[in-house]
Amino acid sequence: MKVDSKQYSRIPEDLLNKIIERGYKKVTPEDQKVFDKYYDEMNNHWSSSTCFVNLYAWHDTFPTYYKIFEDLIIAVNYDSTEGYISAIPFIGHYTEEEIIDAMKVLEEDFEFFGAELMIYDVSRWMLPYYEATGIHFKVTDNREEMDYVFTPEDFEAGMDSQDDRYRYRYFMRRNEYEVVELTPELADECEEMMENLWCEFTDCNMCHYGCLKNVIDIIVKNIDTLNVEGILVRVDGKAVGLSIVSVRNGLGVYQYKNANNHIKGINEFLLRESFDRYMSDVTEINYTEDMGVESLRRYKEHMAPHYSLESKLILEV
């Protein structure tokens, strides 16, 4: 039986008014066009959590607000599961001077909010820039928040391993399947699939930060403006799996993958099909974090012969 014991709190009206007073606006799908320029100017790749699709897709439980300061985007979000506001890493080209100036603004903002300043999902290459501000940060490196990162060559080698190749080919041999690219018109079909394959068998507490079914629905309905790609796979005319990826500035991220795991080879097929369609030019593949789930950790650790664990640091002032 599904149990939803989580308590979500809306952002307090007085805090929201303060956020707006400081010049922030809530992220919308149309803001993707604004953010792209700043992502393209990043010195290096960013964490999976900092991808635009995540900043918008979880807006029911993690609403994100942003403003532009000089050549950077400053963004904050509200955690409705815990009831606090935090910041995400600056988006744009990092220089010591730019980060020093932006940090002054961010500190003033959080003082105005009456909140402790915390910056989540900081990639390790960013840390020296924040430390150059002279601010004393408490730095937390949480193992459960590390992204699994692969070279395209290693990722492809993993897909070409004997077991994975067998399951991939088994799926194609044994099933009458079709692959279609995700469009807003497929939102109802994806929602029904998530109900049958996820919600029917998953305790709501497994969705740590909000409803995954709603997130998939939000993405599919706005896929034309969110700069993400995706496929839906049907077997015998029925939706059995989907994969959603984002690709920007050489970084390919497998954002979401859900499938009927009773169908042998469906997951290998989704991985390969998404890779072949969308990731021909990437220099790095991010398969996101394992969220502390042991079975998911084992799966990601054995996806390819080699991988890196990329830190997502928390900076507290």
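Only this structure's heavy atoms are used, side chains among them; waters, hydrogens and symmetry mates stay out. As the structure is a computational prediction, the values presented were derived from the model and not from experiment.
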Chi angles and distances behind the side chain to side chain contact (heavy atoms under 4.5 Å, CB included) call for Asn267, Lys257: CA-CA 8 Å; Asn267 286 291; Lys257 178 170 69 69; 2.7 Å; yes
Spacing of OG belonging to Ser243 relative to CD belonging to Glu273, to within rounding of 0.5 Å: 9.5 Å
Aromatic ring proximity, centroids under 6.0 angstrom, Tyr38 and Phe35: no
Non-hydrogen atoms of Phe110 and Ala87 that approach each other most closely: CZ-N, 3.8 Å
For Tyr24, all residues meeting ring pair (Phe, Tyr, Trp, His ring centres under 6.0 Å), sequence neighbours excluded: none
Enclosure of Asp14 CG (heavy-atom neighbours >12, cutoff 6.0 Å): yes
Side chain to side chain, Leu15 and Tyr84, heavy atoms closer than 4.5 Å: no
Set of side-chain hydrogen bond (donor to acceptor under 3.5 Å, both in side chains) partners for Tyr39, sequence neighbours left out: none
Closest non-hydrogen atom pair, Ala75 against Thr64: CB-CG2, 4.2 Å
Listed partners of Phe150 passing ring pair (Phe, Tyr, Trp, His ring centres under 6.0 Å), at least two apart: Phe155
Donor on one side chain, acceptor on other, Asp121 and Ser47, under 3.5 Å: no
Exceeds 12 heavy-atom contacts within 6.0 angstrom, atom CD of Glu316: yes
Student check: side-chain heavy atoms of His93 and Glu98 closer than 4.5 Å: no
Test salt bridge (Lys or Arg N to Asp or Glu O under 4.0 Å) applied to Glu301 - qualifying residues, sequence neighbours left out: Arg143
Tyr78 side chain reached by Pro12 side chain, heavy atoms, under 4.5 Å: yes
Minimum heavy-atom distance Lys264-Phe171, with the two atoms named: O-CB, 3.6 Å
Shared hydrophobic cluster for Val105 and Val122 (ILVMFWY, side-chain gaps under 4.5 Å): yes
Residues that Lys238 engages under side-chain hydrogen bond (donor to acceptor under 3.5 Å, both in side chains), provided they are two or more places apart: none
Closest heavy-atom pair and its distance - Ile231, Ser274: CD1-OG, 3.7 Å
By side chain to side chain contact (heavy atoms under 4.5 Å, CB included) - contacts of Glu153 (at least two apart): Thr151
Distance in Å, Met193 CE paired with Leu242 CG, rounded so as to fall on 0.5 Å steps: 3.5 Å
Same apolar cluster (I L V M F W Y, side chains within < 4.5 Å links), Leu232/Ile244: yes
Separation between CG of Asn249 and CH2 of Trp46, rounded to the nearest 0.5 Å: 5.0 Å
Thr95-Glu97 side chain donor-acceptor pair, cut-off 3.5 Å: no
Counterpart residues, side-chain hydrogen bond (donor to acceptor under 3.5 Å, both in side chains), relative to Glu181 (two or more places apart): Arg277, Tyr278
Derivation of the ring-ring contact (aromatic ring centres under 6.0 Å, His included) call for Phe90 and Tyr130: CA-CA 10 Å; Phe90 302 125; Tyr130 288 98; 5.7 Å; yes
4.5 Å side-chain heavy-atom contact, Phe69 and Leu106: no
Salt bridge (Lys or Arg N to Asp or Glu O under 4.0 Å) involving Lys37 - partner list, sequence neighbours excluded: Glu41
NE2 on His45 to OG1 on Thr50, rounded to 0.5 Å: 13.0 Å
Ile19 side chain reached by Ile85 side chain, heavy atoms, under 4.5 Å: yes
For Asp141, salt bridge (Lys or Arg N to Asp or Glu O under 4.0 Å) partners two or more places apart: Arg124
Pairwise side-chain contact, Asp40 with Arg248, heavy-atom cut-off 4.5 Å (strictly under): yes
Lys104 vs Thr133, side-chain hydrogen bond (donor to acceptor under 3.5 Å, both in side chains): CA-CA, chis, key distance, verdict: CA-CA 9 Å; Lys104 290 177 182 177; Thr133 64; over 6 Å; no
Crowding at CZ, Arg174 (>12 non-hydrogen neighbours, <6.0 Å): no
Polar side chain donor-acceptor pair, Gln32 to Thr225, under 3.5 angstrom: no
Ile99 vs Leu72, side chain to side chain contact (heavy atoms under 4.5 Å, CB included): CA-CA, chis, key distance, verdict: CA-CA 9 Å; Ile99 299 303; Leu72 296 170; 3.9 Å; yes
Cluster overlap Val317 with Phe113, hydrophobic side-chain contacts below 4.5 Å: yes
Results of side-chain hydrogen bond (donor to acceptor under 3.5 Å, both in side chains) for Asp160 - residues two or more places apart only: Arg272
Check against side chain to side chain contact (heavy atoms under 4.5 Å, CB included), Val34 and Ile68: CA-CA 10 Å; Val34 177; Ile68 296 172; 3.9 Å; yes
Glu176, CD atom: more than 12 neighbouring heavy atoms under 6.0 Å: no
Identified ring pair (Phe, Tyr, Trp, His ring centres under 6.0 Å) counterpart of Tyr148 within the set Tyr307, Tyr254, Tyr299: Tyr307
Chi angles and distances behind the side chain to side chain contact (heavy atoms under 4.5 Å, CB included) call for Phe52, Ile91: CA-CA 10 Å; Phe52 183 85; Ile91 300 172; over 6 Å; no
Shortest non-hydrogen contact from Pro89 toward Ile119: N-CG2, 3.8 Å
Glu310 side chain reached by Asn286 side chain, heavy atoms, under 4.5 Å: no
Under 3.5 Å donor-acceptor pairs involving side-chain atoms of residues 214-224, not counting sequence neighbours:
residue, atom, partner, partner atom, Å
Asp217, OD2, Lys221, NZ, 3.0
Asn222, ND2, Ile218, O, 2.8

Validation row: Glu96, Tyr129 side chains within 4.5 angstrom (heavy atoms): yes
Rounded distance [0.5 Å steps], CZ in Arg22 versus CZ in Phe112: 6.5 Å
Heavy-atom pair of closest approach, residues Gly92 and Asn43: O-OD1, 4.0 Å
Common cluster, Met42/Ile88, ILVMFWY with side-chain heavy-atom separation under 4.5 Å: yes
Salt bridge (Lys or Arg N to Asp or Glu O under 4.0 Å) against Arg297, all qualifying residues, sequence neighbours excluded: Asp290
Distance (rounded to the nearest 0.5 Å) between Leu226 CG and Glu30 CD: 8.5 Å
